Protein chains: 2
Amino acid sequence: MLDDIDRRILLELQRDGRISNQELADRVGLSPSPCLRRVRILEEAGVIAGYRAVIDQEAVGLPITAFVRITLESHGQEIVERVEDEIRGVPEIVEAYLLAGDQDYLLKITVGSFTSYEDFVRTRLRTIPGLASIETTFAFGVTKTVSPLPIRP
Amino acid sequence: MLDDIDRRILLELQRDGRISNQELADRVGLSPSPCLRRVRILEEAGVIAGYRAVIDQEAVGLPITAFVRITLESHGQEIVERVEDEIRGVPEIVEAYLLAGDQDYLLKITVGSFTSYEDFVRTRLRTIPGLASIETTFAFGVTKTVSPLPIRP
DNA sequence: AGTGAAAATGATAGATT
DNA sequence: AATCTATCATTTTCACT
């Protein structure tokens, strides 16, 4: 379904999502028209889900990253859906994954200070109904930031 | 340092990193010239670290996400640097964080299958010298994908 | 800092191979 | 499917406020 040129396009757009179509066409060895057509097809098929500016968390006053593993009291559909809705509604939760194993979800949290984190746990996390346990691990720093996906050739 | 308009710009560019400068200017209530100037300043200051296309992992044959917590045998500077270099060099490791607590690093892994994961652990992870322990948790799915940072108004 | 207009660059559709 | 070309939109610069 994806050919070699598509994969090159995806790689380049992961590295620089704002590159011009002309530059992109150059890099993948195509002229601008077919290159743009391929990009549009990839966008419409959802292979390219979107484009995002990557922001320096510290520069915007959000130096603290925490990973929180939570478990639920029960796994009835109603409770799970309510919890997931709550997760999606809390802005400090910037990513969330459903886990296989002892814990149910892994949440990635971004806040400005430890005080804010305490506040976040008290007012946004513990208030979610149906949570059984909350385990926090703080990150000191980022060793490797979000990298291009290892798309196989 | 950042004013209200800067924050609006950052929010919009996190939501859509390929929005045109004209559209962006409209949304933040500015004309295109000063809007572009602000964007350039934010880029040069590193507040905007870059732009990335967001790719659908499943669509490119990478449906499996795993979180791996590792500990090191020792924390001498030389070993730490070598481990971090290795982490940065392995493409399947798409993110890595230095942790506070029992484990030393949290790695986010993306692979195409459980077989590939096994292979990855054997050939890319266990081969990193200085690792004491490796603990894997698989993710069933994504409940909340990378969301705009909660930049306070 | 912001405006507005002019020049440069890029995006896009259509005819062609 | 890709290229080439013509047209249209956007970006970018600059003189002015």
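Within every chain, numbering begins at 1; the chains are lettered A, B, ... in the order of the sequence lines, protein sequences first and strands thereafter. Note that the structure is predicted; figures quoted are calculated from it, not measured.
- Judged by distance alone, with hydrogens and angles left aside, the side-chain atoms of A:Arg18 form no donor-acceptor pair with the main-chain N or O of B:Arg18 at under 3.5 Å.
- Partners of A:Arg38 according to the side-chain hydrogen bond (donor to acceptor under 3.5 Å, both in side chains) rule, which considers only residues two or more places apart in sequence or in another chain, are A:Asp3, A:Asp6.
- If you take CG of B:Asp6 and C1' of C:dG2, they are 14 Å apart, rounded to a whole angstrom.
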TODO: Go through A:Arg40 and A:Glu44 one step at a time and tell me if the salt bridge (charged side-chain N to carboxylate O under 4.0 Å, His left out) criterion holds.
DONE: CA-CA 6 Å; A:Arg40 291 286 176 265; A:Glu44 268 145 42; 6.0 Å; no

Give every pair of a protein N or O atom and an N or O atom of nucleotides 1-4 of chain D that lie under 3.5 Å apart, one pair per line with the distance.
unit_1: D:dA2; atom_1: OP1; unit_2: A:Arg38; atom_2: NH2; d: 2.8
unit_1: D:dT3; atom_1: OP2; unit_2: A:Ser31; atom_2: N; d: 2.8
unit_1: D:dT3; atom_1: OP2; unit_2: A:Ser31; atom_2: OG; d: 2.5
unit_1: D:dT3; atom_1: O5'; unit_2: A:Ser31; atom_2: OG; d: 3.4
unit_1: D:dC4; atom_1: N4; unit_2: A:Ser33; atom_2: OG; d: 2.7

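- Residues passing the side-chain hydrogen bond (donor to acceptor under 3.5 Å, both in side chains) test with A:Gln103, sequence neighbours excluded: A:Glu135.
- Atom CG of B:Leu36 and atom C1' of D:dC14 are 13 Å apart (whole Å).
- Remark: P of C:dA1 and CG of B:Leu42 are 12 Å apart, rounded to the nearest angstrom.
- Rounded to an integer number of Å, the gap from CG of B:Leu24 to C1' of D:dT12 is 15 Å.
- Between A:Tyr117 and A:Phe114, the distance from one ring center to the other does not fall under 6.0 angstrom.
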Task: Intermediate values then yes/no, side chain to side chain contact (heavy atoms under 4.5 Å, CB included), B:Val94 and B:Ile109 - done: CA-CA 6 Å; B:Val94 291; B:Ile109 314 295; over 6 Å; no

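- No continuous path of ILVMFWY side-chain contacts below 4.5 Å connects A:Val146 to A:Leu149, so the two sit in separate hydrophobic clusters.
- Direction change of the helix axis from one end of the helix from C:dA1-D:dT17 to C:dT17-D:dA1 to the other is 30°, with five pairs defining each end axis (rounded to 10°).
- Aromatic pair B:Phe67/B:Phe138: centroids not less than 6.0 angstrom apart.
- Look at B:Arg40 and you won't find any side-chain N or O under 4.0 angstrom from OP1 or OP2 of D:dT11.
- Taking the six-membered ring for Trp and the full ring otherwise, the centers of B:Tyr97 and A:Phe140 sit at least 6.0 Å from each other.
- No salt bridge links B:Glu86 with B:Arg82; every basic N to acidic carboxylate O contact stays at or beyond 4.0 Å.
- Rounded to a whole Å, the CD1 atom of B:Ile19 is 18 Å from the P atom of D:dA9.
- Contacts classified as side chain to side chain donor-acceptor pair (under 3.5 Å) and involving residues 142-153 of chain A (residues at least two apart or in different chains) are not found.
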Every protein N/O within reach of nucleotides 7-10 of chain C N/O, cut-off under 3.5 Å:
unit_1: C:dG10; atom_1: OP2; unit_2: A:Gln22; atom_2: OE1; d: 3.3

